[in-house]
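Reading through the C-alpha cells given below for one structure.
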Amino acid sequence: MVDLQRFKDNLRRSFEISLVDPVVNAGPGDFSMVWVSVVSPTFEGMDEGDRQEIVWQRVLDDFEPADQKRIEFIYTDAPSEVAP
C-alpha cells in the first residue's frame, strides 16, 4: 500500500470495529514510516496499555505484515486529553 490517505482510511475502518467514533490521523507524508493518532471516546478512563492492546490487535488482524511494519508509533487519546 503506497497511498497514505488510503492507509489512514483503512485504519479508521478497522478501528471502528472496536472503538466508538475513532478519529484517525497518520503521517508524515513520505509513508516509509508513519505515526498514527487515534482519538476515541472509548479511551476515556482507560489505561494506556489497554488502549494500545486494542489498536495493535486491530492492526495485526487487519493489515499485511509490510503495512504493520510501517507504523512507528500509535498515539491513543481520549477526547478529553486532546487540546481543542
Exercise. Out of curiosity, F7 CZ to I71 CD1, how far, rounded to the nearest 0.5 Å?
Worked result: 4.0 Å
Problem set entry | From CD (Q57) to OG (S14), nearest 0.5 Å | 10.0 Å
Exercise. Just by distance, do the side chain of S37 and the backbone of Y75 share a donor-acceptor pair under 3.5 Å?
Worked result: no
For this session: Enter the distance from L4:CG to L11:CG here, rounded to the nearest 0.5 Å.
Result: 9.0 Å
Problem set entry | Separation between CD1 of I17 and CZ of R12, rounded to the nearest 0.5 Å | 11.5 Å
Exercise. Considering residues, nucleotides and ligands other than E53, do more than 12 of their heavy atoms fall under 6.0 Å from its CD?
Worked result: no
Exercise. What is the minimum heavy-atom distance between N25 and W35, and which atoms define it?
Worked result: O-CZ3, 3.9 Å
Problem set entry | Rounded distance [0.5 Å steps], CZ in R51 versus CG in D77 | 6.5 Å
For this session: Would you sort out whether V55 and F43 count as a side-chain contact (heavy atoms from CB on, under 4.5 Å), showing the intermediate values?
Result: CA-CA 11 Å; V55 296; F43 296 144; 4.0 Å; yes
For this session: Go through I54 and M46 one step at a time and tell me if the side-chain contact (heavy atoms from CB on, under 4.5 Å) criterion holds.
Result: CA-CA 11 Å; I54 290 169; M46 186 181 286; 3.8 Å; yes
Exercise. Are a donor atom and an acceptor atom from the side chains of E48 and Q52 found within less than 3.5 Å of each other?
Worked result: yes
For this session: Find the distance between CZ (F15) and OG1 (T42) and round it off to the nearest 0.5 Å.
Result: 12.0 Å
Seminar exercise, completed: Scanning both residues in full, the closest heavy-atom pair of A26 with K8 reads N-CD, 3.9 Å
For this session: Considering only NZ, NE, NH1 and NH2 on the basic side and carboxylate oxygens on the acidic side, decide whether D67 and R70 come within less than 4.0 Å.
Result: yes
Seminar exercise, completed: Nearest heavy-atom approach of S80 to E44 is OG-OE1, 2.8 Å
Problem set entry | Results of salt bridge (charged side-chain N to carboxylate O under 4.0 Å, His left out) for E72 - residues two or more places apart only | none
Exercise. In terms of hydrophobic clusters joined by side-chain contacts under 4.5 Å, are V39 and V36 together?
Worked result: no
For this session: Might you point out which heavy atoms bring P79 and S40 nearest each other, and give the distance in Å?
Result: CD-O, 3.3 Å
